[in-house]
Amino acid sequence: MTYPSRFFCLCDPGQVMRPVMCTRREKSSYTPPPAKYGGRHTVTLIPGDGIGPELLNHAQELFRFCCVPVDFEVVNVDSSLTSEDEINNAVTAIRRNGVALKGNIETNHNLPPSHKSRNNLLRTSLDLYANVMHCQTLPGVQTRHKDIDIIIIRENTEGEYSSLEHENVPGVVESLKIITRVNSLRIAEYAFRQAREKGRRRVTAVHKANIMKLGDGLFLQCCKEVAAGYPDITFDNMIVDNTTMQLVSKPQQFDVMVMPNLYGNVVSNVCAGLVGGPGLVPGANYGKDYAVFETATRNTGKSIANKNIANPTATLLASCLMLDHLGLHDYASMIRKAILRTLSETRLHTADLGGQGTTSEVVQSIMKEVQKGGPLTSEKI
Amino acid sequence: VSRIKCQIIFYCICFAFQMQTVTIIPGDGIGPEISTSVIKIFEAAKVPIQWEERNVTAIKGPGGKWMIPPEAKESMDKSKIGLKGPLKTPIAAGHPSMNLLLRKTFDLYANVRPCVSIEGYKTPYTDVDLVTIRENTEGEYSGIEHVIVDGVVQSIKLITEEASRRIAEYAFEYARNNQRNSVTAVHKANIMRMSDGLFLRKCREVAENFKDVKFTEMYLDTVCLNMVQDPTQFDVLVMPNLYGDILSDLCAGLIGGLGVTPSGNIGANGVAIFESVHGTAPDIAGMDLANPTALLLSAVMMLRHMGLHGHAKKIETACFDTIRDKKVLTKDLGGNSKCSEFTAEICRRVQDLD
């Protein structure tokens, strides 16, 4: 692995030693290669707040037990500090490693607007434009609706989350929702590509273009344009309020859904609730060069932190998604199978699923299941 | 002279019986038939209401601006209470939707939707009993959009102190008057710090004056997540326009859809218009197949608003009993009776309850 010579003047032994010019490089567009040293990957780990640290500890424990060739670089982000240094360090670490696993960082919404959401800053700095969530009915979990299998693709960087607000006149606040052609085309393209790769038949765009004619109208138009290039996939659209109504009565009708940021927030939380709650669904944020994995509904779970009652399923499934992204498919399926087998054991269900199991019991059971499956031999890897 | 005498006697009788006038707007499609059903049921229940039928198809006013017909406006201003059926939204007719015009004309700032599970109409959710109160004039639906440069669009979400305070006050008063225990403000202030922050601040200020009602705040995503898992934890929800639109339809879906959900719009100056929120269903219009439940429940809401609780309870009980019995149900509720049969059954029960 070679470093470009502009980083070190010391590479060329024939040259006179000059002071290393590690001056202020602008937020560089250069992306370092994914760290893969000696066959092991390095992944940034951001514990976050609430149940994040304990669940990510379990994830690390599980990886160590399964001998997964992944090393974690832990970067702590203290949500109570007002300076943005810590989150910037985290962003740099992710740029270096390419992949991250994170817990949710709490945002105190009583602080002034200058204190932005750390999670949002991370997503926009790394341009993680696609948030993907796969909601499936899981075995062993009691829900009101069965046979749900929906992929939700949500635009992750613009829309209502642009954090552009101002108060021109006292008592009147304007908040800007930005929709751009470039980002809408990008997310639509991503959605259709995913649908094709995963053999899905239908993509539904969720919008409110009857009211927000220009903004959501542009989004819808971009989706239609991209759809024209995928004649094998059916494209339709639905207004967001009708979508939520349909989701609670007949969620089986949906296949792949693509939408702007805020509607994505609503729809993904509704779908997570339909399949069993926030403790079960993993989420992934993909950009062109980086990927960050976390729970789909991004909860801090402050009230259940450090009580050993949180459901580790979502976090552990997110780590499996990460393993798939790194190309370690065998490890990913081994761990995933073990998690799903444990989930079907009702007596191990945690409080959110109506049971009385503890987090550590669930993790122990997963490890036992992994052990039952036998070691991953070199032929399998 | 005799005509004047008759009129005087008529008004005296009305005054004696405390007859209140209500403007009824039948609407389009199935509107007229379900309005007729409601009028019949009210007659059977001997409700002291005098109906004044009006049409609200937009006309161009003297200044070139679209407005509702002056007779309709006059009637509403006098009676203050209205009942509206579904209105057709015209495409390429040149004028905005009538719902929008009504909202602007009477400053209907609060949209109230009580969602109660209907026994007998099975949905995966039972025991739902909550009310969504949505700010109806500003927020994301201000309609202010610009194309900054080609390919970049900006939509403005407007939150004002005045509107937020007004809706919060209405929500707490509603909770107090209807014996509800708590009000939850739904927001996304972690992301939209200033706008939803302002909304939240106003709610908190108003909560100070209503110590008998519990006040909580919850993020929109958490509400959605919890709503589909356990809707019984919610009571009264107050929120800005867009969240209200999404959540009120979500809650309607929990109890069975727009065909059974009542809705009321409260305006400034004491005006209130109650409506059914479903569409005009042109495919079944005029065939006596429509389900009048949504408009009927909205009318019951109207009776409660007017203080006629006894009549409201009677009609509501008759309606729910009919649905629970499952003998006479319209097609969308799972039966195969006609609208007139369903109406007659409810009338019969109302008279039996007397």
Side-chain angles (χ1 to χ4, degrees), chain A residues 107-113 115-117 120 144-145 160-161 163-167 170-182 208 210-218 240-242 244-249 262-263 265-274 276-278 297-299, chain B residues 89 123-125 140-148 150-162 164 187-200 217 219-230 241-243 245-254 256-258:
Chain A
T107 307
N108 183 353
H109 61 262
N110 294 313
L111 289 175
H115 183 207
K116 299 200 191 319
S117 154
N120 203 21
R144 291 181 175 88
H145 307 270
E160 298 82 349
Y161 287 42
S163 300
L164 296 165
E165 297 178 298
H166 47 260
E167 190 170 356
V172 177
V173 175
E174 285 184 352
S175 172
L176 303 182
K177 163 180 165 165
I178 310 286
I179 301 273
T180 59
R181 198 176 158 69
V182 167
K208 191 91 191 153
N210 52 339
I211 304 285
M212 287 184 252
K213 297 187 169 69
L214 291 184
D216 285 354
L218 176 61
V240 63
D241 40 12
N242 190 19
T244 49
M245 217 180 335
Q246 297 292 325
L247 276 171
V248 293
S249 40
L262 184 67
Y263 312 146
N265 188 219
V266 171
V267 170
S268 50
N269 276 274
V270 170
C271 290
L274 292 175
T297 48
R298 304 171 177 168
N299 304 94
Chain B
T89 301
T123 59
Y125 299 89
E140 298 81 349
Y141 293 6
S142 319
I144 312 170
E145 291 185 293
H146 316 105
V147 179
I148 313 284
D150 193 23
V152 178
V153 174
Q154 151 189 310
S155 294
I156 296 189
K157 162 178 165 165
L158 201 66
I159 299 278
T160 59
E161 217 172 274
E162 182 52 37
S164 305
H187 65 98
K188 260 215 97 56
N190 50 345
I191 302 289
M192 287 180 260
R193 198 69 56 79
M194 280 176 87
S195 38
D196 283 355
L198 174 61
F199 179 80
L200 212 51
E217 309 166 358
Y219 288 135
L220 172 66
D221 39 16
T222 315
V223 172
C224 288
L225 188 59
N226 293 343
M227 183 74 76
V228 295
Q229 293 184 275
D230 181 22
N241 216 332
L242 175 68
Y243 313 152
D245 192 9
I246 300 176
L247 271 180
S248 57
D249 278 2
L250 179 67
C251 298
L254 295 177
L258 297 179

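Worth knowing before you read on, the calculation uses all heavy atoms, side chains too, and leaves out hydrogens, waters and symmetry mates. A note on names: the letters A, B, ... follow the listed sequences, proteins ahead of strands, and every chain is numbered from 1.
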Kindly compute the distance separating [atom1] ([X]) from [atom2] ([Y]), expressed to the nearest 0.5 Å.
{"X": "B:E140", "Y": "A:D216", "atom1": "CD", "atom2": "CG", "answer": "11.0 Å"}
{"X": "B:S195", "Y": "A:E160", "atom1": "OG", "atom2": "CD", "answer": "10.5 Å"}
{"X": "B:S248", "Y": "A:M245", "atom1": "OG", "atom2": "CE", "answer": "8.5 Å"}
{"X": "B:I191", "Y": "A:N265", "atom1": "CD1", "atom2": "CG", "answer": "8.0 Å"}
{"X": "A:D241", "Y": "B:L258", "atom1": "CG", "atom2": "CG", "answer": "8.5 Å"}
{"X": "B:L250", "Y": "A:N242", "atom1": "CG", "atom2": "CG", "answer": "12.0 Å"}

Worksheet item: Using non-hydrogen atoms only, which part of B:H146 is less than 4.5 Å away from chain A: side chain, backbone, both, or neither?
Response: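 Backbone only.
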Item to complete: Go through the atoms of B:S155 and report whether side chain, backbone, both or neither lie under 4.5 Å from a heavy atom of chain A.
Response: both
Which one wins on heavy-atom pair count under 4.5 Å against chain A: [options]?
{"options": "B:G151, B:G256, B:G253", "result": "B:G151"}
{"options": "B:L225, B:T160, B:V147", "result": "B:L225"}
{"options": "B:L254, B:L220, B:V228, B:D196", "result": "B:V228"}

Over all atoms of both residues, closest heavy-atom pair of [X] and [Y]:
{"X": "B:E145", "Y": "A:G215", "answer": "OE2-N, 2.8 Å"}
{"X": "B:Y219", "Y": "A:T107", "answer": "OH-O, 3.7 Å"}
{"X": "B:P124", "Y": "A:H145", "answer": "CG-CE1, 3.8 Å"}
{"X": "A:V266", "Y": "B:C224", "answer": "CG1-SG, 3.7 Å"}
{"X": "B:Q229", "Y": "A:G277", "answer": "NE2-CA, 3.3 Å"}

Worksheet item: Quick one: ring pair (Phe, Tyr, Trp, His ring centres under 6.0 Å) partners of B:Y141, sequence neighbours excluded?
Response: none
Measure distances from [X] to the heavy atoms of chain B and classify the residue's part below 4.5 Å as side chain, backbone, both or neither.
{"X": "A:E167", "result": "both"}
{"X": "A:K116", "result": "backbone"}
{"X": "A:L214", "result": "both"}
{"X": "A:N108", "result": "backbone"}
{"X": "A:L262", "result": "side chain"}

Practice prompt. Ignoring hydrogens and angles, tell me if any N or O in the side chain of A:R181 forms a donor-acceptor pair with the backbone of B:D150 under 3.5 Å.
Written response: no
Worksheet item: Donor-acceptor pair, B:R193 side chain versus A:H115 backbone, under 3.5 Å?
Response: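 Flag set: sc B:R193 to bb A:H115 pair under 3.5 Å.
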Any [X] side-chain heavy atom under 4.5 Å of [Y] side chain:
{"X": "B:L158", "Y": "A:V173", "result": "no"}
{"X": "A:S117", "Y": "B:N190", "result": "no"}
{"X": "B:I148", "Y": "A:I178", "result": "no"}
{"X": "A:I211", "Y": "B:D245", "result": "no"}
{"X": "A:H109", "Y": "B:L200", "result": "yes"}
{"X": "B:I144", "Y": "A:E174", "result": "no"}

Fill in: Criterion salt bridge (charged side-chain N to carboxylate O under 4.0 Å, His left out) on A:R298 and B:D221, from CA distance to verdict
CA-CA 10 Å; A:R298 304 171 177 168; B:D221 39 16; over 6 Å; no
Worksheet item: Hey, which of A:L274, A:T297, A:T180, A:V240 has the most heavy atom pairs under 4.5 Å with chain B?
Response: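 When all of A:L274, A:T297, A:T180, A:V240 are compared, A:T180 has the most.
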